[in-house]
2 protein chains.
Amino acid sequence: MTPRTRRPERRTEALSRERIVQAAVELLDSTGEAGLTFRALTEHLATGPGAIYWHVKNKGELLAAATDAVVAAALAAGPAGSAGSPPDEIRAVALGLFDAIDEHPWLAPQLATQFSRSSGESVALRIMERVGQPVRALGVPASGQFTATFALVHYILGAAGQNAANRAAVRGLGPGFERDGYIDAVVTTWEALDPGDYPFIRGIAGRVRDHDDRAEFLAGVDLILAGITAVQLPAGRAGGGRP
Amino acid sequence: MTPRTRRPERRTEALSRERIVQAAVELLDSTGEAGLTFRALTEHLATGPGAIYWHVKNKGELLAAATDAVVAAALAAGPAGSAGSPPDEIRAVALGLFDAIDEHPWLAPQLATQFSRSSGESVALRIMERVGQPVRALGVPASGQFTATFALVHYILGAAGQNAANRAAVRGLGPGFERDGYIDAVVTTWEALDPGDYPFIRGIAGRVRDHDDRAEFLAGVDLILAGITAVQLPAGRAGGGRP
DNA sequence: ACCTGAACACCGTTCAAGT
DNA sequence: ACCTGAACACCGTTCAAGT
């Protein structure tokens, strides 16, 4: 085996926290969470571990910074404080996060963890704020904003994470197998379950075939939006359905 | 330091997969996910790593088995296929998972991962089934059962995980500080945010003080139930509010 | 101030060897 | 069939030393 393409022996640009975080994101994207090691990082950056520790406190902080960078970019993608109605704004943010997690599957567990430390972690706050603003604009009274926002955020992160994992599983089967092969395998497994124990799963197994991931995801968002409208909004203030 | 209480040198009971999984759960409960190592397990069980590998394929399988055991117990707690109306049944399952995750905080990331491999992991299937059955009983048409069930499940797991992490953070502050101290710290952090960037968070900061975790969690479940009723149920078939 | 790289403690896993 | 325990490859982190 000849050595594959490798960074120049001596790095030209000076090291910086920003460059390290960027390298971490690249590594996470190409090799997954398990692939982010200080060894791989030092090779990628043509340096030693001590140099990285000079800019970054430890691996946890590095993961948090990588998460932060990617999510910030995703949330900034849609023009901030943009034009649409509150429901449209919520759908746009949801799709932005959905796509970001789809592109960077390692984000899902990271966000779930980050998000649970609500005290002051910046990513969690940014996401809550971005979803909470349109919830407020919807007319939800102060007493219900918390519940509504968290219901949306938890659904968004959970569903997006599952989608990303599914797609990663399809890719993991390698070429030859495509999406359909994977779906078939899932359907077969589900239909082999004991009908006495799993009536529900068996009932929906067939429908998974013509299942559009993005559409299904948005249907869930709309379901929760409908719940917000039904529970939290004074009658007459309809939330606005899809155009 | 004198050696603390330790298992007898020679174990009396024979090793078994069941005993190993049980020891793993105990270790996870007492020392968290990072505390589950083959070294600690080996000491706890008075054996060598090879013995454990005889019964269990690797660490991943052990974690999955531990998750499975705890969740199965939690889902079995409420009398299976119990009496209540479908919404009550959904609330009961939700609370059962909420409590299980509260007692075993390591479950949250584990379930999030497990759940994303929807193909055939037993825990994920069990949870989907347990939530899906009452969703179906609610009268949701087949086309909407998938969306409704996943919206519920993702919310339940996400919200329960966040709750567990928050409570773990409170415990982490040690005695002296209690829940109030932690909440105060969060409120202070939130109120120190730039009002231009974080109008929403600052708006709800005060309300976190008299926030009942369980009630808030159930309010989210009810919100989604209301959405299901509004979107999926033919008019006239109301979902049934709280008694 | 910023970087080097050897060294440390610890981890999951394997495997020849025992009973 | 079931268990032992030394050994292996690898990991995050530290730190004396250099510039």
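Each chain gets a letter, A, B and so on, in the order the sequences are listed, and its residues count up from 1. As the structure is a prediction and not an experimental result, all values here were calculated from the model.
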- Distance-only donor-acceptor check, side chains A:Glu129 and A:Gln133, under 3.5 Å: yes
- Message: Between B:Gln22 and B:Glu18, is there a side-chain donor-acceptor contact under 3.5 Å, judged purely by atom types and distance?
- Response: no
- Task: Quick one: label A:Ile52 by what it contacts on the DNA or RNA (base, sugar-phosphate, nothing), any heavy atom closer than 4.0 Å.
- Result: nothing
- Message: Taking any heavy-atom pair under 4.0 Å as a contact, classify B:Leu41: base, sugar-phosphate, or nothing.
- Response: nothing
Rounding to an integer number of Å, can you tell me how far [X] [atom1] sits from [N] [atom2]?
X: B:Phe38; N: D:dC10; atom1: CZ; atom2: P; value: 18 Å
X: B:Glu61; N: C:dT13; atom1: CD; atom2: P; value: 11 Å
X: A:Leu15; N: C:dA1; atom1: CG; atom2: C1'; value: 13 Å
X: A:Leu63; N: D:dT13; atom1: CG; atom2: C1'; value: 15 Å
X: A:Arg17; N: C:dC2; atom1: CZ; atom2: C1'; value: 16 Å
X: A:Leu45; N: C:dG5; atom1: CG; atom2: C1'; value: 16 Å

- If only side-chain N and O atoms of B:Trp54 are considered, is one of them under 4.0 Å from the OP1 or OP2 phosphate oxygen of D:dC3? no
I want to verify a distance call: between [options], whose nearest atom is closest to the [X] side chain?
X: A:Thr37; options: C:dC2, C:dG12, D:dC11; result: D:dC11
X: B:Thr47; options: D:dC3, D:dC11, D:dT4; result: D:dT4
X: B:Arg39; options: C:dT4, D:dT13, C:dG12; result: C:dG12
X: A:Pro49; options: D:dG12, C:dG5, C:dC3; result: C:dG5
X: B:Tyr53; options: C:dT13, C:dC3, D:dG12; result: C:dT13

- Item | 5' precedence on DNA chain D between B:His55 and A:Asn58 (nearest-nucleotide basis) | B:His55
- Task: Mind telling me whether A:Tyr155 and B:His154 have parallel, tilted or perpendicular rings, with 30° and 60° as the class edges?
- Result: perpendicular
- Whole-angstrom distance between D:dA17 and C:dC2, as gauged at atom P: 22 Å
- Message: Counting runs of three or more consecutive pairs, Watson-Crick or G-U wobble, with each distance below 3.5 Å, where are the stems of DNA chain C?
- Response: C:4-8 with D:12-16, C:12-16 with D:4-8
- Message: Looking at A:Lys59 and A:Phe38, would you say the former's side chain and the latter's main chain have a donor-acceptor pair under 3.5 Å?
- Response: no
- Message: Would the distance check show the side chain of A:Thr31 and the main-chain N or O of A:Leu28 forming a donor-acceptor pair, the cut-off being under 3.5 Å?
- Response: no
- Is it true that B:Arg209 and B:Asp184 have a side-chain N and a carboxylate O under 4.0 angstrom from each other? yes
- Task: Report the C-alpha distance between B:Asp68 and B:Val21 in whole Å, list the side-chain angles of each, state the deciding distance to 0.1 Å, and finish with yes or no for side-chain contact (heavy atoms from CB on, under 4.5 Å).
- Result: CA-CA 10 Å; B:Asp68 210 277; B:Val21 170; over 6 Å; no
